[in-house]
Protein chains: 2
Amino acid sequence: MRRNRADDPDHGVELLWRERDDGSRPALTLDRIVRAAVEVADAEGLAGLSMRKVAERLGFTTMSLYRHVPGREHLVDLMRDAALGEPPPEPAAKGGWRPRLETCVRQGWEVRRRHPWLGEIRGTRHLPGPNSVAHYERMLSIVAGTGLAPAEVIAAIELVGRFVDAEAQVLVEVARAERSSGVSEQEWWGARDSLYARLGSYPTITYLWEAGGFDEPEDPFEFGLARVLDGIELLVRRRDETRDESLACQLCGNPVEQSASGRPRAYCSRACQQRAYRKRRSG
Amino acid sequence: MRRNRADDPDHGVELLWRERDDGSRPALTLDRIVRAAVEVADAEGLAGLSMRKVAERLGFTTMSLYRHVPGREHLVDLMRDAALGEPPPEPAAKGGWRPRLETCVRQGWEVRRRHPWLGEIRGTRHLPGPNSVAHYERMLSIVAGTGLAPAEVIAAIELVGRFVDAEAQVLVEVARAERSSGVSEQEWWGARDSLYARLGSYPTITYLWEAGGFDEPEDPFEFGLARVLDGIELLVRRRDETRDESLACQLCGNPVEQSASGRPRAYCSRACQQRAYRKRRSG
DNA sequence: ATATATCGGTGTACGCCATAAACAAGAAGG
DNA sequence: CCTTCTTGTTTATGGCGTACACCGATATAT
């Protein structure tokens, strides 16, 4: 005997992974509810999404939704998967992991521009649907080819994912504030004279201010994405180096991994190679 | 004639930067309200913070708070500044920018462990108080000494700030979910068999799963912090490099040891040199 | 054919939330 | 004394998620 369908995550899984019915019936359907909910959230953000509004948009009562959806939380899960959509096919298996990952991230960024509320989803127990998983799988597969350890692959994808979400969140908050107040972000902060009057005693802030650092800011998404990817790339390079040392070195005994082509490596590192050379020469 | 104090950010500035009254009076005070609010938020998160609860904790009616605070939003601003506190003095002007910045970030991380709701604050128009600005000033000053452009300094600090907030947010969400449901995160996700049953057809996920990548995950904060700082460091090195060439490896950015004589080295290692060669050749 | 169960949808109700507006009592100042 | 300001209370508005009882229609079992 189960207490309540709203508390049953397995039911959520069933809904997310349901077989879609092709024909659209005239009545209230899960798909129609999800579509309507996405429209509401697109227009008013996740905070502006309420069961009432969704029901009104469909011409039903609020509680009728609960016949098809266990509750608001599950509805958000369904909305996310619907909004993400299937990942677009990759043009070809070309390019290194970095440009491939970058296009993935930018696609995610684009989706979040269409559905800004995606970044507003809070909570760590949201079930992934088929589309979420497909995106996840693709990103993982791209980074999995770099030679990073499995846990590192996962952590890297988590990092970029969170980064995109965080940036998207800022975007949506700016937009909402501007819409609700009618004052642009620049205008609003520009009018905070009573605050700036107190900042004169902070030397660095003053310096950066006078140097124009606040007037012509870096694009936060572009800047952050470059830094994060650089950080990951550095890790990949470091792993490459250590892996080269790791299969069968003639000098130090550490194993060296052989590359597919080229002259087979005898030493784990340039250092060992050099040491061996000196040893040969000195007799 | 101003319409409403709640809509007046300048009033918020006044409150945040007010002179603290030394003696604590017996009546309802702004400081007492803020303290009580912080206690509530510490216990129940920012979502659990309501004007009612704060008032009840102080033994007043809800509306009495509005005599001292313009509204909930402003109260959050005040809470943040109170919770941040003054930045602890730096032990000495020692170390490079990176370890100094890292300790700063870790301090921020610590504060967020004491006051997890700090990461839950949404919105881009939250006024900084004296403590927020002091922290900001310090971080900026650390990165300002690296030779980055002013806008880059600001963007870098924004990036790490957002990173810490995002990670803290995850922490607090996990904690809340565990507290409200009584089920630990691992337990909950471990019980999602109906989900995992569908993941078999995703090769990378399956591979990473079987390789144990999900069982022994990287610490997301440590991993992300390292990557982000690496990314910033790489930018710093590149900027250094453009100033006087051949200080850093042209490929990976690691410092290059120059020998006293001979042709100056462009790469930090044979590995990087070779990778650069391959990159040149492949275009 | 009749009884029973299930499904889709409705209406009401409860307990939360922020805060606007009017009001009351005391302190302060003219 | 009268006015005005400060501080706190009361009342009310409009929003939210969702539990629960109910109702007609349909499907199933007897």
Side-chain angles (χ1 to χ4, degrees), chain A residues 1-8 11-12 14-15 18 21 24-33 36-37 40-41 44-79 117 120-123 176 180-181, chain B residues 1-8 11-12 14-15 18 21 25-33 36-37 40-41 44-79 117 120 122-123 180:
Chain A
M1 184 71 185
R2 82 182 16 145
R3 313 158 309 176
N4 197 330
R5 276 165 112 194
D7 294 338
D8 177 17
H11 183 215
E14 295 303 326
L15 292 181
R18 87 209 102 107
D21 56 346
S24 62
R25 304 215 208 93
L28 198 47
T29 320
L30 184 53
D31 294 83
R32 288 188 66 202
I33 293 176
V40 172
E44 311 187 40
L46 203 60
L49 172 80
S50 74
M51 303 300 271
R52 282 188 231 275
K53 284 182 192 155
V54 175
E56 274 169 18
R57 177 173 288 255
L58 291 168
F60 287 84
T61 55
T62 309
M63 290 312 292
S64 65
L65 305 181
Y66 286 88
R67 287 284 164 209
H68 304 263
V69 176
R72 200 191 120 112
E73 284 295 288
H74 287 73
L75 178 56
V76 172
D77 290 357
L78 291 158
M79 289 166 62
W117 47 269
E120 298 186 87
I121 302 177
R122 301 265 65 81
R176 173 168 29 257
S180 75
S181 72
Chain B
M1 185 68 186
R2 77 183 21 144
R3 314 158 310 178
N4 196 330
R5 277 164 111 193
D7 295 339
D8 178 16
H11 184 217
E14 296 303 326
L15 292 181
R18 89 209 102 107
D21 56 346
R25 304 215 211 94
L28 197 48
T29 320
L30 184 52
D31 294 83
R32 290 189 63 202
I33 293 176
V40 172
E44 311 188 40
L46 203 59
L49 172 80
S50 72
M51 303 300 267
R52 238 204 274 280
K53 285 182 192 156
V54 176
E56 273 170 16
R57 177 173 286 255
L58 291 167
F60 288 84
T61 56
T62 309
M63 291 310 292
S64 65
L65 305 182
Y66 287 88
R67 286 287 165 205
H68 304 263
V69 175
R72 202 190 118 110
E73 283 295 286
H74 286 73
L75 178 56
V76 171
D77 290 356
L78 292 158
M79 291 164 62
W117 46 269
E120 298 187 88
R122 302 265 65 81
S180 76

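Letters go in sequence order (proteins before strands), and every chain restarts at 1.
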Q: If you compare every side-chain N and O of A:H68 against the phosphate oxygens of C:dG9 (OP1, OP2), does one of them come in below 4.0 Å?
A: yes
Q: Mind calculating the distance between NZ (B:K53) and C1' (C:dC16) to the nearest angstrom?
A: 9 Å
Q: At less than 4.0 Å, is any side-chain N or O atom of A:S64 found next to OP1 or OP2 of C:dT10? Yes or no.
A: yes
Q: How is B:L49 classified with respect to the nucleic acid when contacts are heavy atoms under 4.0 Å: base, sugar-phosphate, or nothing?
A: sugar-phosphate
Q: Are B:E44 and B:K53 close enough for a salt bridge, meaning some N to O gap below 4.0 Å?
A: yes
Q: Can you tell me how far CG of B:L58 sits from CD1 of B:I33, rounded to the nearest 0.5 angstrom?
A: 6.5 Å
Q: Are any of the side-chain nitrogens in A:R176 or A:E120 under 4.0 Å away from the carboxylate oxygens of its partner?
A: yes
Q: Return yes if the base of D:dG17 and the side-chain atoms of A:R52 contain a donor-acceptor N/O pair under 3.5 Å, otherwise no.
A: yes
Q: Measure from OH on B:Y66 to P on C:dC17 and round the result to the nearest Å.
A: 11 Å
Q: Which nucleotide in the set C:dA21, D:dT18, D:dC22 lies at the smallest distance from any side-chain heavy atom of A:R67?
A: D:dC22
Q: When the distance from CG of A:L58 to C1' of C:dG8 is rounded to whole Å, what number comes out?
A: 14 Å
Q: So which heavy atom on B:L49 is nearest to which on B:M79, and how close?
A: CD2-SD, 3.8 Å
Q: Please give, in whole Å, the distance from C:dA18 C1' to B:R72 CZ?
A: 9 Å
Q: How long is the gap from CG on A:D77 to CD1 on A:I121, to the nearest 0.5 Å?
A: 7.5 Å
Q: Could you give the CG-to-C1' distance, from A:L75 to D:dC16, as a whole number of Å?
A: 15 Å
Q: Kindly point out which of D:dT7, C:dC17, D:dT9 is positioned nearest to the side chain of B:F60?
A: D:dT9
Q: For the pair made of CG in B:L30 and P in D:dT6, what is the distance, rounded to whole Å?
A: 16 Å
Q: Write down the distance between CD (A:E56) and C1' (D:dG15), rounded to a whole number of angstrom.
A: 12 Å
Q: Considering heavy-atom distances to DNA chain D, does A:M63 or A:S50 have its closest nucleotide positioned more toward the 5' end?
A: A:S50
Q: To the nearest angstrom, how far is B:E73 atom CD from C:dT19 atom C1'?
A: 13 Å
